[in-house]
**Student:** 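I have a structure I would like to understand better, so I am pasting it below and will then ask my questions one at a time.
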Amino acid sequence: AQSVSQHNHHVILSEAASLELGCNYSYGGTVNLFWYVQYPGQHLQLLLKYFSGDPLVKGIKGFEAEFIKSKFSFNLRKPSVQWSDTAEYFCAVRNQGGKLIFGQGTELSVKP
Amino acid sequence: GAVVSQHPSRVICKSGTSVKIECRSLDFQATTMFWYRQFPKQSLMLMATSNEGSKATYEQGVEKDKFLINHASLTLSTLTVTSAHPEDSSFYICSAQQGAGAGTEAFFGQGTRLTVV
């Protein structure tokens, strides 16, 4: 069965620290990859997505992610986090059938 | 981006009653809508996929008679939790998209917190 695994359940960082959130998926076919963010009390928002082409994808708010096909990974990065980045982050994979499969989420807490 | 509105945001109901949750796409026509359930500290679990004008497709293990989904128009889908019980308490989220291709972007509602007492 297809699955998405996020390695970190809760990450605590100080402002200006660098961030990397891991995401691995299991699916052998062509996939589309997404990172979503959910700020407290708000709906899921798309941070960035990968469909094809350059495996290094840049998203909103300074986030980027790198698709490494050989490792089935799509890790999210940000060089310097801010307090306002405190949120829950979800990695997701969409297969050819059109269904979005989510990882379990990573809660990021940024200390001012 | 496109806006998806979900209503209500919170609902408390008595055990045995039914609850309806609405999901509306405000500025686009949603040919496909998805309903998810999220448990605390867990992932979003897809419950069902609904296409306008046709019956919803439920994921394995989801009771279609308990979670009734109607997608009567291109801007509205409803999820009705029938004969709710405390174990149905959860966070329900809808998403909507225009088209069904793998590259189509999905937009999410703000979720509904259901508490069954």
Side-chain angles (χ1 to χ4, degrees), chain A residues 1-11 21 23-27 29-53 57 59-61 67 87-109, chain B residues 1-10 21-26 28 30-51 54 56-62 91-113:
Chain A
Q2 298 144 22
S3 65
V4 178
S5 177
Q6 291 181 239
H7 316 302
N8 316 100
H9 295 292
H10 191 188
V11 173
L21 302 182
C23 173
N24 286 89
Y25 64 93
S26 64
Y27 182 65
T30 301
V31 293
N32 299 125
L33 299 159
F34 305 81
W35 274 98
Y36 286 90
V37 61
Q38 188 173 30
Y39 298 103
Q42 297 189 29
H43 60 275
L44 279 164
Q45 300 174 39
L46 182 66
L47 265 182
L48 47 79
K49 59 188 177 185
Y50 172 79
F51 289 167
S52 64
V57 180
I60 61 171
K61 304 186 181 185
F67 170 53
E88 185 111 24
Y89 292 81
F90 293 92
C91 179
V93 168
R94 176 178 278 148
N95 60 20
Q96 287 300 105
K99 295 180 184 177
L100 264 177
I101 301 166
F102 286 86
Q104 62 268 54
T106 298
E107 183 181 350
L108 173 65
S109 301
Chain B
V3 178
V4 174
S5 176
Q6 199 171 328
H7 179 80
S9 57
R10 291 178 181 271
I21 303 170
E22 292 187 347
C23 179
R24 293 181 184 273
S25 58
L26 298 186
F28 69 102
T31 51
T32 306
M33 287 188 172
F34 301 88
W35 286 95
Y36 297 85
R37 183 172 178 176
Q38 186 180 25
F39 293 99
K41 303 296 183 184
Q42 293 190 33
S43 179
L44 282 75
M45 302 300 297
L46 180 64
M47 298 174 66
T49 303
S50 77
N51 293 295
S54 61
T57 303
Y58 290 81
E59 294 298 301
Q60 194 172 11
V62 178
F91 194 58
Y92 294 87
I93 302 174
C94 74
S95 75
Q97 60 190 51
Q98 191 170 33
T104 306
E105 183 171 342
F107 300 93
F108 289 80
Q110 67 270 44
T112 297
R113 173 76 60 194

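Lettering of chains follows the sequences in order, A, B, ..., and the numbering in each one begins at 1.
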**Student:** Using a distance-only test with no angle check, is there a side-chain donor-acceptor pair under 3.5 angstrom linking S3(A) and S26(A)?
**Tutor:** yes
**Student:** Once you measure the plane-to-plane angle for F102(A) and Y36(A), does it fall in the parallel (<30°), tilted (30-60°) or perpendicular (>60°) bin?
**Tutor:** tilted
**Student:** For a quick check under 3.5 Å, do Q6(B) and T112(B) share a side-chain donor-acceptor pair by atom type?
**Tutor:** yes
**Student:** Are H9(A) and T106(A) linked by a side-chain donor-acceptor pair shorter than 3.5 Å?
**Tutor:** no
**Student:** Sort Q38(A) into side chain, backbone, both or neither according to what part of it lies under 4.5 angstrom from a heavy atom of chain B.
**Tutor:** side chain
**Student:** Which bit of L44(B) is near chain A, if near means a heavy-atom gap under 4.5 Å: side chain, backbone, both or neither?
**Tutor:** both
**Student:** For residues Y36(B) and F91(B), establish whether the separation of their ring centroids is below 6.0 Å.
**Tutor:** no
**Student:** Side chain, backbone, both or neither: which part of Q6(A) has a heavy atom under 4.5 Å from chain B?
**Tutor:** neither
**Student:** So which part of L100(A) gets closer than 4.5 Å to some heavy atom of chain B, the side chain, the backbone, both or neither?
**Tutor:** both
**Student:** With a 4.5 angstrom heavy-atom cut-off, is it the side chain or the backbone of L46(A) that approaches chain B, or both, or neither?
**Tutor:** side chain
